[in-house]
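As structure tokens, the structure follows; a few thoughts come after it.
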Amino acid sequence: MIYTVTFNPALDYIMHIPHMSSGEINRSSSEHLFCGGKGINVSIVLRHLGAESVAMGFQAGFTGNEIVRQLELQGIHTNFVALSRGNSRINVKVKGETETDLNGNGPDITEDEFRQLLDKISVLTGDDTLVLAGSIPACLSSDAYQKIMEQLADRNVKVVVDAERELLVKTLPYHPFLIKPNHHELGGVFGVSCTNEQEIICCIKEIQKMGARNVLVSRAGDGAIFGDEDGSVYRIQAPFGTVKNSVGAGDSMVAGFLKGYGSSVPLALKFAASAGSATAFSEDLAERDEIINLLPKVLISQI
């Protein structure tokens, strides 16, 4: 089974306001309400692709209950820790001539509540995959992912980490199965820019020496570079299209990779690029048909 963890999930309230004026009353032309959070996005796209997962993390108050309700309506299993205080976030996304995000902080998580999550994760075995995605709330220490992986160190669980800088680096001694930085995030680990393919490959090799097994580096419209744990490096050329949405594209790549990995690495990379691109080309997370239609347009070559 695939398990995803979202520490700070949200309800994303998206408002389309063609012409917004600061200091005045603005009326939207349409509104949409979605569950948000990187791990949740992975679970949703996996569900669209016909793969089951369990969404985990923390929920609080009436907004947390609504997140769980919406996920279960979509057929996604949930196993969240219910927090004793506060409410899960509502993030307001205003889309118009420009895009403006108003993101909440979310509720505080106590050490006891964090241990409850550790207890839920402790049942995972070598047949399972765990996705740790996104940032850690300020109320918890930056080694939260490290503590999770430390607990699973002898379980042979495939752990996927999609995080930045210190949060990512602290997981490397535990040899995550897959990390998925973008090229800016990868360069940030080493204090370099990663502006070209060769620089990206050099950084992939270095971060593998630090403990990462497989490394998938997204490059927006330039596709992606994948470093396999067997030493092979692949170039992924993404399909062309009109970008409508940048939210969730990286999470969709993770979902696509996990969907295709059981067959072969090239197929996993095709699914990853197709899922990421399909989300970028649509208003919401990609649906199955959108992903499948892009598969033939993704080109994979070994470098």
Side-chain angles (χ1 to χ4, degrees), residues 1-14 32-59 63-81 88-89 91 93 117 120-121 123-125 127-134 157-162 177-178 180 216 218 244-263 267-295 298:
M1 178 65 78
I2 299 172
Y3 295 80
T4 66
V5 174
T6 306
F7 273 75
N8 208 1
L11 289 174
D12 286 344
Y13 186 50
I14 300 174
H32 304 280
L33 189 65
F34 302 109
C35 297
K38 292 180 69 63
I40 284 174
N41 291 342
V42 174
S43 281
I44 291 173
V45 176
L46 282 170
R47 179 61 179 169
H48 291 172
L49 287 169
E52 290 194 346
S53 70
V54 178
M56 305 177 73
F58 300 95
Q59 67 174 96
T63 46
N65 292 338
E66 178 62 14
I67 290 168
V68 171
R69 188 188 75 85
Q70 286 201 19
L71 290 174
E72 292 180 347
L73 279 176
Q74 296 180 63
I76 297 169
H77 309 293
T78 64
N79 191 11
F80 286 85
V81 174
S88 296
R89 300 179 297 162
N91 294 337
K93 316 287 185 179
L117 178 65
K120 290 177 180 289
I121 292 173
V123 303
L124 273 62
T125 70
D127 295 326
D128 298 317
T129 298
L130 177 67
V131 179
L132 302 174
V157 176
K158 293 184 177 68
V159 181
V160 179
V161 180
D162 185 359
F177 164 69
L178 175 72
K180 199 226 67 64
L216 179 59
S218 55
K244 299 179 181 178
N245 167 43
S246 60
V247 177
D251 310 323
S252 300
M253 288 188 75
V254 171
F257 182 91
L258 293 177
K259 169 64 177 178
Y261 187 78
S263 300
L267 184 60
L269 298 178
K270 277 183 170 285
F271 264 104
S274 297
S277 297
T279 289
F281 300 160
S282 63
E283 295 290 347
D284 191 17
L285 296 172
E287 297 285 347
R288 180 184 182 278
D289 288 348
E290 294 170 329
I291 296 170
I292 298 302
N293 289 340
L294 289 179
L295 280 174
V298 177

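Remember, it's a predicted structure, so these values are computed and weren't measured experimentally. Computation of the quantities below employed the complete heavy-atom set of this structure, encompassing side-chain atoms and omitting hydrogens, waters and symmetry-equivalent molecules.
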Sub-3.5 Å donor-acceptor pair from the side chain of R89 to the main-chain atoms of N8, do we have one?
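At least one qualifying donor-acceptor pair exists.
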When you measure from the side chain of T279 to the backbone of L285, do you find a donor-acceptor pair of N or O atoms at a distance under 3.5 Å?
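Absent.
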For residues [X] and [Y], report the shortest heavy-atom separation together with the two atoms involved.
{"X": "A275", "Y": "A286", "result": "O-CB, 4.0 Å"}
{"X": "P9", "Y": "I40", "result": "CB-CD1, 3.5 Å"}
{"X": "T78", "Y": "V54", "result": "C-CG1, 4.2 Å"}

Residue pair Q70 / Q74, side-chain donor-acceptor N/O under 3.5 Å:
no
Ring pair (Phe, Tyr, Trp, His ring centres under 6.0 Å) involving F177 - partner list, sequence neighbours excluded
Y261
Looking at residues at least two apart in the chain, or sitting in another chain, which of them share a ring pair (Phe, Tyr, Trp, His ring centres under 6.0 Å) with F80?
none
F257 and F271 aromatic centres sub-6.0 Å
no
Would you give the length of the straight line joining atom CD of E66 to atom OG of S88, rounded to the nearest 0.5 angstrom?
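These two atoms lie 11.0 Å from each other.
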Using 0.5 Å steps for rounding, measure from the NE2 atom of H77 to the CD1 atom of I2.
11.5 Å
Please collect all side chain to side chain donor-acceptor pair (under 3.5 Å) contacts where either partner lies in residues 36-48, sequence neighbours excluded, each pair once.
T4-S43, K38-D162, K38-D251, N41-D251, S43-S53
